Structures are given as C-alpha cells and as structure tokens.
Enquirer: 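Okay, handing you the structure first.
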Number of protein chains: 2
Amino acid sequence: MSTTLKIASWNINSVRARIGIVEQFLRSESPDVLCLQETKVVDADFPAAAFQDLGYVHQMIRGQRMHHGVAILSRIPLHEDRHHDWQANGEARHVGVRLDCGIRLENVYIPAGGDIPDRALNPKFGQKLDFIERMTRWSEECDCPTILVGDFNVAPLECDVWSHKQLLKVVSHTPIEVEALTRLQSSNDWVDLGRHFHPAPKRLHTWWSYRSPDFSKNDRGRRLDHMWATRDVAAQATEHHVHEICRSWLKPSDHVPLVTEFVL
Amino acid sequence: MSTTLKIASWNINSVRARIGIVEQFLRSESPDVLCLQETKVVDADFPAAAFQDLGYVHQMIRGQRMHHGVAILSRIPLHEDRHHDWQANGEARHVGVRLDCGIRLENVYIPAGGDIPDRALNPKFGQKLDFIERMTRWSEECDCPTILVGDFNVAPLECDVWSHKQLLKVVSHTPIEVEALTRLQSSNDWVDLGRHFHPAPKRLHTWWSYRSPDFSKNDRGRRLDHMWATRDVAAQATEHHVHEICRSWLKPSDHVPLVTEFVL
DNA sequence: GCTGTGCTCG
DNA sequence: CGAGCACAGC
C-alpha cells in the first residue's frame, strides 16, 4: 500500500490581497500542504479561517508587519515546527515542520537582494549572499529526509531566465549568486525537483515582473522559486508542475505556485 | 409635440474608482445629462472615453488634483459653459451650461464644512457658510430658466435626516447651515424638486456614511444632495427619484444618484 | 470606511 | 505595477 503526498509552494505577495486566488488554487489543485512566502501580515491578522474552511486546519504561521512572512497550511498533521532566524535580525523568512511520514518540510524566503549586484555598494546584496551562506551551514547539518521549498530569489541556470546574456548583471542571475546557490545545493544531497522533471535546456519560469505590462506576450520570466528534496525523498517524487496559468488570473501574484507529488 | 429631458446628479466620490458602477447606472437609467460631483481627478485623467462610449459625447469637465471636481456629461449639446470660483480659491466646485432648450443647468459641490459647527474653531465651517452666501449673491442675479443640482452638504428639513434631534449639532443639519440654505433658496424662485415630489414628512435620504457598517440596517441617512429648479422649469418636471439601491452596490459611493424628468 | 496622495520595497 | 504604510479629507 502507498500514500501520496502533494506539496505546493507559492510566493503570494500578500496573503490578504491574494486570499481569493489562493482559495481558487486550493480548490482546483487540492494539495495536502501549501507553503506560502511573502504573506506580509502579522500572525494575528493572518486569514486562518479561510484556510481552515478548505480543510487546512494545521497551520504554522510566521509573519511580521509589512514585509516577508511565511506559512505552512496543511490538511495533514504538522509537528516540531521550528523558525530559523539565520541572520538573527528578526525577519520572518523560514518555518519548518515534520510530517507524520517522517519527512521534514522547510519553507524559506531568501532575501531579494536589492538592485545593484555589489556587496560594497548595496548592503542588501551582501545580506542575500550572507543568508545563503548561513543556510548552507544549516543545510550541511540536515540529516533527515527533507523537502526544501520556497522563493530562493535566484535563477541558477541559463534556461531559468528569459535572457541569460541580458540578466548576467541583474540581481537573481549573477554568477556570484548562482555560485552561492550551487554551494547550498552541494552542501547536502539536494535534488532540484524542477530540473529533475523538466531538465535543461527546457524553459522553466516561476516569476514575471509586474512592471512588464503583458507578461505572456514578452514572457520575460525567471525561475526564482524552487522545490528541492534530499535524494531519498526525491526518488519518491512522481510529478512536478509549475502553474504558469495563475500569472494570468485577475490581480495575480508576480510568482506562480509549484506543486510536487510524492508516492510514499 | 413635446420632448422629455432626464437629468441625473451624483456625488460619485472619485470617478475613476466608480467608473464601473456609473456605467451600470447610465445603462439602466439612460439620463440625457449626468452631473457629477467629487470626481477627484485632473481633467487630463478624466475617463472621458468611458462616457463617450455610452453616448455622453458632450462633456464639460472641471476637475482638480485630489479633491472636489465636477463634470457634466451629456447626450445632448451643451453650450456656454461657465466655471464659477465664488471664493476665488481655485477649488473646482462648479460648472454650468446652457441646454438647447434654453434652460441653464448648474452643477455645484458645496464644501462639507469639517467636523465642528463653529466658525471660530473650524475655518472649514466658515468657508462653507461663506460659499453658500456667495452662491446666494449669484443666485439673486440668475434670470433665466435654471436647474441647480449637486451635493449641497446640507440636509435642511427634520425628515431629511435619520434623527433630527441627534444631528442638530452635527455639521450638515445645524440651524445656521439650514438658515443659510434657506436664504439661498429664497434668493430666487427655487423649487426643491425632492420635496416637490416627495413632500415632508416623507423620509428622503441621499447619503449614508461609510463608517456605519450596514447602511440599510441602521439607515442613518441624510439628504445632502439636491435638485432645484426655477418655478417655470419646475412646472415642467414630471418625476423625481432617489436611487437608494445604488448604495447597496459593490464598492458604492456614499451618495446615491438623483434623477428628475421634465417634459418640455 | 473609503477615497485620494506620497513613500518604500520588490 | 502593485503590495504595504502613513496621512488628510469627508
């Protein structure tokens, strides 16, 4: 006998502004667990009831005023929730739990890093690289079956962006960020599920800027969102989808949801 | 042979935020002329095309950044537009035109007057009374058939408010404002079309605060919006309606439209 | 409450 | 472009 586990991850850019389309997504996809990033709301104002009404009664919420904020909403029990604050700056960028099957699920929102890809000129860029380094130290110590999801704010491969050449000096696709993310991936037995199911050089994007007027016409996307799993767990993955369609919905997030199914 | 003339007036509290419901109203009521107050937009950004598409190709727009702003949108020709600035402060509170039938149509947005009904403590209250006085001087000189509409921000009669007693010291229903409005009405042969068709003590309201959560439940309305006509024109009026239903629409204005039909 | 504005952030 | 916030005005 086998059970399936369906995990979704989505940077929704304000859970309150997006509650309608998140419900729509949950109704159509029915994942067992939904990981959110950029909820942008303090825990007291999190729209918990809306998720409860759809069966997501197990909730691990870590929000803050205005920026960042992560949450795990689940139809299956969640245990041993931990909130890492790797940079000890109080930013709500991580929440992790253990599922009944023993797998740990880690939900992360890596800093965007500002506009200028230079540690000296732009402290936010330094903070981003530092965040990835500290995550790498943490990842080295991870010793159980783990799924790591979230908005990593890095598009590592050439085919992860609409134009490798034009984005080489644009934060999210610079060599220094890609190297940092590669070290994170190498620091444990991480399998990039996106590329496992949709190998390069296939086009795979999860984010389109609001600033580009017609996202589907110009298609200037980047793969900033990721789902990784330790090799043992990745071996149980059966499907992985990027729900591009959600970018065309009314009042969309600039990110779209990722979904992976596992057979345990 | 006779022709009908259907005039509507509506404080829409931002024409851009309300463009959808104004279109809905125009489609269902099809007035010949629509007078708007509180358009809250500079002329360059006025959604002129939306009105043109519905046949309102004759437009006299007097807007300003952020506050106030009036407009006359019409399916019939408009002539001799005049913008009075009675207080010479640059506020866009009036636009008037002449119709082909010879009637003048004057569209006014009288200042709200702030919170405290005291000239000394609250300059806005003084400005409101001064505005009405200056309008009175102008009204005395009006010597042609005229329809005067708009948001007067005064509910003169006891039955114009949900509680006469509780509003006696609330700006919009204080004796000093009512007296000022009465002087304005007496300064020419003005007929209050609202009360002509719906005589006191009938309840007649055109505005419900956003702050009262369920407007229809508590029904704490006031008659702040008015349509007046000189006696000759008033004699040609056949119907006058307050479209209360518009207050229950999605994302409503706090005011509802008034409509009068004339047979010329 | 619900507009507008200006601001920061991505 | 579109979230968040703060403020003013009604």
Side-chain angles (χ1 to χ4, degrees), chain A residues 11-19 21 37-42 45 63-69 91-93 109-116 122-125 127-128 151 153-154 170-172 207-215 218 220 222 224-225 247 249-255, chain B residues 11-19 21 37-42 45 63-69 91-93 109-117 122-125 127-128 151-154 170-172 207-215 218 220 222 224-225 247 249-255:
Chain A
N11 177 321
I12 27 78
N13 185 16
S14 171
V15 70
R16 284 175 297 177
R18 226 63 72 197
I19 191 65
I21 64 174
Q37 304 89 38
E38 280 209 84
T39 54
K40 289 188 175 178
V41 67
V42 291
D45 294 340
Q64 68 179 82
R65 216 180 97 95
M66 208 159 185
H67 294 304
H68 325 311
E91 294 184 353
R93 295 186 176 275
Y109 174 50
I110 293 179
D115 285 332
I116 305 158
N122 171 19
K124 286 180 195 155
F125 193 70
Q127 188 214 342
K128 178 179 192 170
D151 176 2
N153 268 315
V154 179
V170 172
V171 173
S172 74
W207 175 88
W208 293 260
S209 171
Y210 284 126
R211 289 172 231 192
S212 190
D214 188 343
F215 100 95
N218 296 313
R220 301 194 164 181
R222 307 181 202 169
L224 302 182
D225 304 273
R247 188 62 178 79
W249 288 356
L250 192 69
K251 287 223 149 217
S253 168
D254 43 354
H255 297 253
Chain B
N11 177 321
I12 29 78
N13 186 16
S14 170
V15 69
R16 283 176 297 178
R18 226 64 71 196
I19 190 65
I21 64 173
Q37 303 90 40
E38 281 210 83
T39 54
K40 287 187 174 177
V41 66
V42 291
D45 294 340
Q64 67 178 82
R65 219 180 95 93
M66 206 160 189
H67 295 304
H68 326 310
E91 294 185 354
R93 294 185 175 275
Y109 175 49
I110 293 179
D115 286 332
I116 305 159
N122 171 19
K124 286 181 195 155
F125 192 69
Q127 190 215 341
K128 179 179 192 170
D151 176 2
F152 293 4
N153 267 314
V154 179
V170 172
V171 173
S172 73
W207 175 87
W208 293 260
S209 171
Y210 285 126
R211 289 172 230 190
S212 192
D214 188 342
F215 99 97
N218 297 313
R220 302 195 164 180
R222 307 180 202 170
L224 302 182
D225 303 273
R247 187 61 179 78
W249 289 356
L250 191 69
K251 287 223 150 215
S253 170
D254 42 355
H255 297 253

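Only a predicted model underlies this, so the values are computations on that prediction, with no experimental measurement involved. Numbered from 1 within each chain, the chains take letters A, B, ... in sequence-line order.
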Enquirer: Applying side-chain hydrogen bond (donor to acceptor under 3.5 Å, both in side chains), name anything that partners B:Gln64, two or more places apart in sequence or on another chain.
Expert: none
Enquirer: Going 5' to 3' on DNA chain C, which nucleotide is the first and which the last to come under 4.0 Å of a heavy atom in chain A?
Expert: C:dC9 to C:dG10
Enquirer: Counting only heavy atoms from other residues, nucleotides and ligands, does the tally under 6.0 Å from CG of B:Asp45 exceed 12?
Expert: yes
Enquirer: Could you work out, with side-chain hydrogen bond (donor to acceptor under 3.5 Å, both in side chains) as the rule, every residue matching B:Asp225, not counting sequence neighbours?
Expert: B:Thr206, B:His255
Enquirer: Using the side-chain contact (heavy atoms from CB on, under 4.5 Å) rule, pick out the option among A:Leu224, A:Val171, A:Asn11 that qualifies with A:Asn153.
Expert: A:Leu224
Enquirer: Nearest whole Å is fine: how far is D:dG2 P from A:Trp208 CH2?
Expert: 16 Å
Enquirer: Would you give a per-nucleotide map of nucleotides 4-10 of chain D, 5' to 3', where B means the base has a protein non-hydrogen atom under 4.0 Å away, S means only the sugar-phosphate does, and - means neither?
Expert: SSS--SB
Enquirer: Could you pull out all residues at least two apart from A:Arg18 that satisfy salt bridge (Lys or Arg N to Asp or Glu O under 4.0 Å)?
Expert: none
Enquirer: Take B:Arg65 and B:Val41, measure what side chain to side chain contact (heavy atoms under 4.5 Å, CB included) needs, and give me the verdict at the end.
Expert: CA-CA 5 Å; B:Arg65 219 180 95 93; B:Val41 66; over 6 Å; no
Enquirer: How would you list, by chain and number, every residue that makes a side-chain hydrogen bond (donor to acceptor under 3.5 Å, both in side chains) with B:His67, sequence neighbours excluded?
Expert: none
Enquirer: Check B:Lys40 against B:Met66 and note the closest heavy-atom contact, atom names and distance.
Expert: CG-O, 3.3 Å
